[in-house]
There are 2 protein chains.
Amino acid sequence: MKQIKPRKRPQQKRSRDTVDTILNATAEVLIREGYDQTSTNKIAVEAGVSIGSLYHYFPNKEALVLALNRRLAEQELDLIRQTFVEVSNAPLRDTIRKSVEVMVHMHRIEPELHRVLVEQVPRMGPLRKINEIDRQIIEMIREQLLRLKRELSPAEAELMIFVVFNIVETLTHQAVLYQPQLLQGERLIDEISSLVELYLRKKMNL
Amino acid sequence: MKQIKPRKRPQQKRSRDTVDTILNATAEVLIREGYDQTSTNKIAVEAGVSIGSLYHYFPNKEALVLALNRRLAEQELDLIRQTFVEVSNAPLRDTIRKSVEVMVHMHRIEPELHRVLVEQVPRMGPLRKINEIDRQIIEMIREQLLRLKRELSPAEAELMIFVVFNIVETLTHQAVLYQPQLLQGERLIDEISSLVELYLRKKMNL
DNA sequence: AAAGAAGTTGAGCTTTTACTCACATTCGGT
DNA sequence: ACCGAATGTGAGTAAAAGCTCAACTTCTTT
């Protein structure tokens with residue numbers, strides 16, 4: 001039975017720095033080498049700490065990736081929660097526009113790391129639940145939809161959430177990483193926003 | 001410099017069978033264990049051939065995955081080409097509907113394998129070009145768009161292709177793998193089709 | 001049926017990776 | 001200044017993975 005939690009909690013500042021350094025190195029190596037070429041040894045070398053130190057705080061590669069993901073997800077979620085509060089009383093058009101903008105910003109925080117985490121990290125075993133963040137975004141979308149139309153049936157809501165979430169997620173993800181020129185000016189943001197608006201207005205007869 | 005082409009071409013039926021068995025085993029192991037837990041040794045055991053045989057035909061893991069991808073891509077492309085010929089004179093609504101249907105079918109050929117190949121296989125080095133198939137689909141979309149509106153500017157066409165391709169790809173992919181209940185009846189196919197139609201009609205004033 | 005070509009085998013070598021532990025160093029409190 | 005707790009070290013062991021090659025079997029051709 002593999003353990004995934006840190007073995008020891010860092011207590012002094014010194015060790016908190018070490019943990020931080022190790023996580024930064026994990027990100028470096030992940031981006032540079034890809035998930036399966038990443039090893040704890042490489043991470044330790046990159047971090048400039050001994051392999052022993054690394055194993056004080058992380059029992060294996062999965063734990064490192066999980067912790068790194070958590071750290072990134074927290075930054076991303078802060079950004080998103082903030083925006084959803086801001087738009088919680090805005091008209092549909094503005095709500096959509098701001099939400100799309102924040103998704104783009106989110107993907108720009110650490111695009112390469114984000115890419116490796118969502119595209120390469122195996123969604124098996126303990127890493128299955130790596131996308132806590134997606135679940136939270138989905139909840140926020142659900143709230144917004146119900147705010148706009150109280151009498152929405154659950155099944156219909158699920159379908160709309162599925163469509164809207166995946167559209168926005170994939171278009172921003174793909175654009176940030178592979179078609180950055182589409183983000184020059186605001187062309188793509190305009191396009192995504194108006195597409196989502198078109199869809200929601202039609203579905204909700206607004 | 002790593003070599004990724006097969007070392008020897010199989011000539012007799014016997015060895016073509018071996019190669020086939022090896023590729024089938026590669027798929028099995030990939031699906032069961034994930035990309036980074038897959039090793040040439042495990043594949044050889046799964047296939048019931050000696051490790052030596054495997055290395056006669058494939059120099060390393062990447063070559064195996066590349067060959068497997070090619071084999072799957074060919075099946076998928078056949079399906080898609082056929083459909084695009086069928087719809088090449090149909091009205092917009094039918095064109096879209098049939099295209100969405102074929103994308104769903106495509107993802108259903110070997111869904112688990114498809115998932116591993118697109119989600120986990122590192123897009124680095126020789127495997128960068130793994131998505132030949134996407135490029136071909138994109139070309140077919142371009143043709144269809146130009147058929148519908150001759151005077152489309154290249155930049156505008158690029159944007160629309162980007163949006164349409166990614167919407168359809170991600171919604172079908174996610175649905176087949178993670179929300180199969182949405183494919184009961186034709187609800188999701190209807191939804192995707194009407195969304196794409198809505199978008200294209202607006203963009204092209206049709 | 002002879003013989004060379006094609007195909008197969010697996011023991012075993014090398015390299016990489018995971019992980020431990022006995023020891024050394026630093027820190028925080030007294 | 002001293003001590004115990006926290007932290008850091010890296011050589012070293014074990015397991016896994018990558019890969020080769022010389023010997024063996026089967027096929028194809030004449």
Side-chain angles (χ1 to χ4, degrees), chain A residues 1-26 28-30 32-67 121-122 125-127, chain B residues 1-26 28-30 32-67 121-122 125-127:
Chain A
M1 168 84 183
K2 268 189 189 172
Q3 186 181 346
I4 281 285
K5 308 258 157 135
R7 341 181 100 179
K8 275 185 186 161
R9 287 290 173 88
Q11 311 204 342
Q12 305 175 357
K13 179 176 186 303
R14 180 169 50 133
S15 59
R16 266 177 265 117
D17 287 350
T18 302
V19 168
D20 237 54
T21 307
I22 291 172
L23 286 182
N24 293 341
T26 306
E28 282 282 316
V29 177
L30 268 181
R32 193 177 60 234
E33 316 250 357
Y35 181 81
D36 78 313
Q37 305 274 17
T38 295
S39 72
T40 50
N41 287 325
K42 283 181 187 169
I43 291 170
V45 170
E46 173 77 31
V49 305
S50 86
I51 186 66
S53 287
L54 188 153
Y55 276 97
H56 267 307
Y57 302 106
F58 302 97
N60 54 43
K61 183 162 88 170
E62 288 189 346
L64 283 159
V65 174
L66 199 61
V121 172
L127 294 178
Chain B
M1 169 84 184
K2 267 190 189 172
Q3 183 182 348
I4 59 161
K5 306 259 156 130
R7 340 181 101 180
K8 275 187 186 160
R9 287 289 174 88
Q11 311 205 342
Q12 305 176 357
K13 177 175 187 306
R14 180 170 46 136
S15 59
R16 265 178 267 119
D17 287 350
T18 302
V19 167
D20 238 55
T21 307
I22 292 172
L23 287 182
N24 293 340
T26 306
E28 282 283 314
V29 177
L30 269 180
R32 193 178 61 233
E33 315 250 357
Y35 181 81
D36 78 313
Q37 305 273 18
T38 295
S39 71
T40 50
N41 286 314
K42 283 181 187 169
I43 291 170
V45 170
E46 173 76 32
V49 304
S50 86
I51 186 66
S53 288
L54 188 153
Y55 276 97
H56 265 305
Y57 303 107
F58 303 98
N60 53 46
K61 184 163 85 170
E62 288 189 346
L64 284 159
V65 173
L66 198 62
V121 172
L127 293 177

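Naming: A, B, ... by sequence-line order, numbering from 1 per chain. The structure presented is a predicted model; accordingly, all values stated were derived computationally and were not measured.
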Legend entry - 5'-most by nearest nucleotide on DNA chain C - A:D36 or A:G52: A:D36

Inset, instruction - May I have the distance from A:N60 (atom CG) to D:dA16 (atom P), rounded to whole angstrom? - result: 15 Å

Inset, instruction - Would you mind telling me which of D:dA6, C:dG7, C:dA18 lies closest to the side-chain atoms of A:Y55? - result: C:dA18

Inset, instruction - Ignoring the backbone of A:H56, work out which of D:dT9, C:dC27, C:dT8 is nearest its side chain. - result: D:dT9

Inset, instruction - Find the distance A:Y57:OH to D:dG8:C1' and express it as a whole number of Å. - result: 8 Å

Inset, instruction - Indicate yes or no: at least one non-hydrogen side-chain atom of A:L23 is less than 4.5 angstrom from one of A:F58. - result: yes

Inset, instruction - Grab the two heavy atoms, one from A:V19 and one from A:P10, that are nearest each other, plus how far apart they are. - result: CG2-CG, 3.9 Å

Inset, instruction - Indicate whether the side chain of B:Y55 and that of B:T40 have a donor and an acceptor atom separated by less than 3.5 Å. - result: yes

Inset, instruction - Could you state the atom-to-atom distance from CD of A:E33 to C1' of C:dT17 in whole Å? - result: 13 Å

Inset, instruction - Starting from P on D:dC19, measure out to NZ on B:K42 and report it in whole angstrom. - result: 16 Å

Inset, instruction - Choose from D:dT9, D:dG18, D:dT7 the nucleotide whose nearest atom is closest to any side-chain atom of A:R14. - result: D:dT7

Legend entry - Phosphate contact (C:dT8 OP1 or OP2) by B:S15 side-chain N/O below 4.0 Å: no

Inset, instruction - Answer with base, sugar-phosphate or nothing: what part of the nucleic acid does A:S53 contact at a heavy-atom distance below 4.0 Å? - result: base

Inset, instruction - Check whether any side-chain heavy atom of B:K61 sits under 4.5 Å from a side-chain heavy atom of A:D36, and report yes or no. - result: yes

Inset, instruction - Compare the minimum distances between each of C:dT8, C:dC19, D:dA17 and the side chain of B:N41, then state the nucleotide with the smallest one. - result: D:dA17

Inset, instruction - Considering only NZ, NE, NH1 and NH2 on the basic side and carboxylate oxygens on the acidic side, decide whether B:K13 and B:D17 come within less than 4.0 Å. - result: yes

Legend entry - Nearest listed nucleotide, side chain of B:S50, among C:dG10, D:dT9, D:dA6: C:dG10

Legend entry - d(CD1, B:I51; C1', C:dT9) in whole Å: 11 Å

Inset, instruction - To the nearest Å, give me how far apart NZ (B:K13) and P (D:dT28) are. - result: 11 Å

Inset, instruction - Send over the distance from B:D20 CG to C:dG7 C1', rounded to a whole Å. - result: 16 Å

Inset, instruction - To the nearest Å, give me how far apart CZ (B:R16) and P (C:dA6) are. - result: 13 Å

Inset, instruction - Give a yes/no answer on whether the side chain of A:T40 brings an N or O atom under 4.0 Å of OP1 or OP2 in C:dA18. - result: yes

Legend entry - Side chain of B:V49 (C-beta onward), nearest among D:dT28, C:dA18, C:dT9: C:dT9

Legend entry - N/O (side chain, B:T18) to phosphate O (OP1/OP2, C:dT8) under 4.0 Å: yes

Legend entry - Upstream residue (5' side of DNA chain D) when B:S39 and B:Q12 are each assigned their closest nucleotide: B:S39

